[in-house]
Protein chains: 2
Amino acid sequence: MELDALDWALLRELQHDARQTNRDLAAKTGVSPSTSLERVKILRERGVIDGFHAALDLEAVGRPVQALISVRIRPPSRPVIEGFREWAAQLPQTIGLFVTSGPHDFLLHVAVPNVDGLYAFVIDRLTERREVADVQTTMVYEHVQSRSITRPADETRRRPVTRRT
Amino acid sequence: MELDALDWALLRELQHDARQTNRDLAAKTGVSPSTSLERVKILRERGVIDGFHAALDLEAVGRPVQALISVRIRPPSRPVIEGFREWAAQLPQTIGLFVTSGPHDFLLHVAVPNVDGLYAFVIDRLTERREVADVQTTMVYEHVQSRSITRPADETRRRPVTRRT
DNA sequence: GGTGAAATACCAGAGCA
DNA sequence: TGCTCTGGTATTTCACC
C-alpha cells in the first residue's frame with residue numbers, strides 16, 4: 001500500500017515522460033532494468049498509475065479558445081446530477097469537468113476553435129438540457145497543468161477540529 | 001499543417017493509450033507499422049503531440065481531497081500576474097492552474113491529503129503572498145478528465161459579430 | 001539483480017498514386 | 001514528388017535463474 005522512495009522516483013519520471021525506455025528509467029532511478037520494469041508493472045496493477053496518455057497541443061489541433069463554464073443544475077438530485085455529468089463529459093468540446101460544492105454544481109472546461117464556437121456551445125448545447133438552471137462563462141487565458149505530483153508531506157496530518165476547553 | 005483522418009485516428013489511440021506498441025497502433029488504424037511510426041514522429045516534431053505522460057490516481061497516491069481556489073490578485077499587472085503564476089504552478093499541492101477573465105484572476109486546482117491540508121494551504125501558503133487580494137475555495141467532489149480530443153467540427157466557423165442594418 | 005530467447009522498433013530501399 | 005509498404009539489424013522486453 002505504501003509507496004517508497006523508488007516508487008516516487010519512477011512516478012516522477014513517468015509523469016514527465018511515459019515513453020522513455022525501461023533502460024533509461026532504470027538508469028535515472030539508480031536500479032537495474034528488471035527492478036524498474038517490475039515496479040512499474042506493480043504500480044500499474046495497483047492502480048497508482050492510472051494510464052499512459054498522449055497530451056495534445058490544443059492550438060495545434062485547432063481548438064485554441066478555452067473557457068470555464070459554471071453550471072447550476074435544478075434539482076440537484078443524484079439522478080439529475082449524474083445524468084448531466086455523463087452527458088457533459090462526452091461532449092466533444094468538453095476537456096474537463098468538475099463536480100463542485102458552492103452556488104454552482106458543475107464547472108466545465110471546454111476547448112473550441114473560436115469564440116463563436118464557445119457562444120454556440122453555451123446557447124445551443126447547454127440550453128437544450130432542461131436541468132440547466134444557470135450558466136456563467138469565464139474565459140481561460142492560460143492553462144498550466146502540473147505533471148509532477150510528488151509525495152505528500154506527512155507533516156500535514158489530520159489535527160482535531162473540535163477542542164475541549 | 002492540416003491533420004488528416006489517419007492523424008486523428010492515431011491521436012485518438014495515443015490519447016487513450018500512449019504505450020501500446022507501434023504494431024498495435026498500426027493494426028488499429030489500418031496502416032503498416034512504418035507508416036504509423038513515421039506519422040507519430042511527425043506529430044511529435046510538429047508539437048501536435050505535446051508529450052506522453054503517466055496519469056496518477058490521486059487517491060492511491062494519498063491526495064484524495066481536491067479543491068478549486070479562486071484567487072484575485074492586486075494589482076493585476078503583468079509582472080505581478082506572472083510572478084504569482086510561476087510561484088503557484090510549482091507548489092506541490094497545485095495540480096492545475098487557470099489564468100482567467102472575470103472577477104478573479106486565477107483558478108487553482110489543488111489536491112491534498114486531507115481537509116486540514118487544504119485549510120493550511122489557503123491560510124498559510126496563499127496568504128504569504130502580498131499580491132493575493134481575495135481567495136475563495138470550492139470543494140471538488142469529482143474530476144473527470146476527457147482524454148479524447150477529436151477533430152473540431154468545421155461547421156463552427158467564425159461568423160461576423162458586427163451587423164449592418 | 002542478472003541473463004538469454006522472443007518480440008519489437010527502427011532504418012534503408014523499392015513500389016505506388 | 002510525396003506517401004506507403006517490405007526486409008534486415010539493433011534494441012528492448014520479460015520469464016527464468
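In what follows, every chain begins at residue 1, and chains take the letters A, B, ... in the order their sequences are listed. These figures come from a predicted structure and were not determined experimentally. Side-chain atoms are counted along with the backbone in the values below, which use heavy atoms only and exclude waters and symmetry mates.
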Send over the distance from A:L37 CG to D:dA15 C1', rounded to a whole Å. 11 Å
Tell me the interatomic distance from B:Q20, atom CD, to D:dT13, atom P, rounded to whole angstroms. 16 Å
For B:G30 and for A:D24, locate the closest nucleotide of DNA chain D by heavy-atom distance; then report the residue assigned to the nucleotide nearer the 5' terminus. B:G30
Between B:T35 and A:T21, just flag the one whose closest nucleotide in DNA chain D comes earlier from the 5' side. B:T35
Value in whole Å for how far the P atom of C:dG1 lies from CZ of A:R23: 16 Å
Among C:dG1, C:dA9, D:dC5, the one nearest any side-chain atom of B:N22 is C:dA9
So, B:R147 and A:H53: side-chain donor and acceptor under 3.5 Å apart, yes or no? yes
When all nucleic acid strands are considered with a 4.0 Å heavy-atom cut-off, which category describes A:S34: base, sugar-phosphate, or nothing? base
Main-chain N/O of B:E13 paired to B:Q20 side chain as donor or acceptor, under 3.5 Å: yes
For the pair made of CG in B:L25 and P in C:dT8, what is the distance, rounded to whole Å? 14 Å
Ring-ring centroid check B:F98 B:F106, cutoff 6.0 Å: no
Taking atom types as they are modelled, would you say the side chain of A:S32 forms a donor-acceptor pair with the base of C:dG2 within the 3.5 Å cutoff? no
Touch class at under 4.0 angstrom, heavy-atom based, for B:R39 against every strand present: sugar-phosphate
For B:R19 and C:dA9, what is the distance between atoms CZ and C1' respectively, to the nearest whole Å? 15 Å
Give the rounded distance in Å between these two atoms: CD of B:E38 and C1' of C:dA14. 16 Å
Using a strict 4.0 Å threshold on nitrogen-to-oxygen distance, state whether B:D105 and B:R74 make a salt bridge. yes
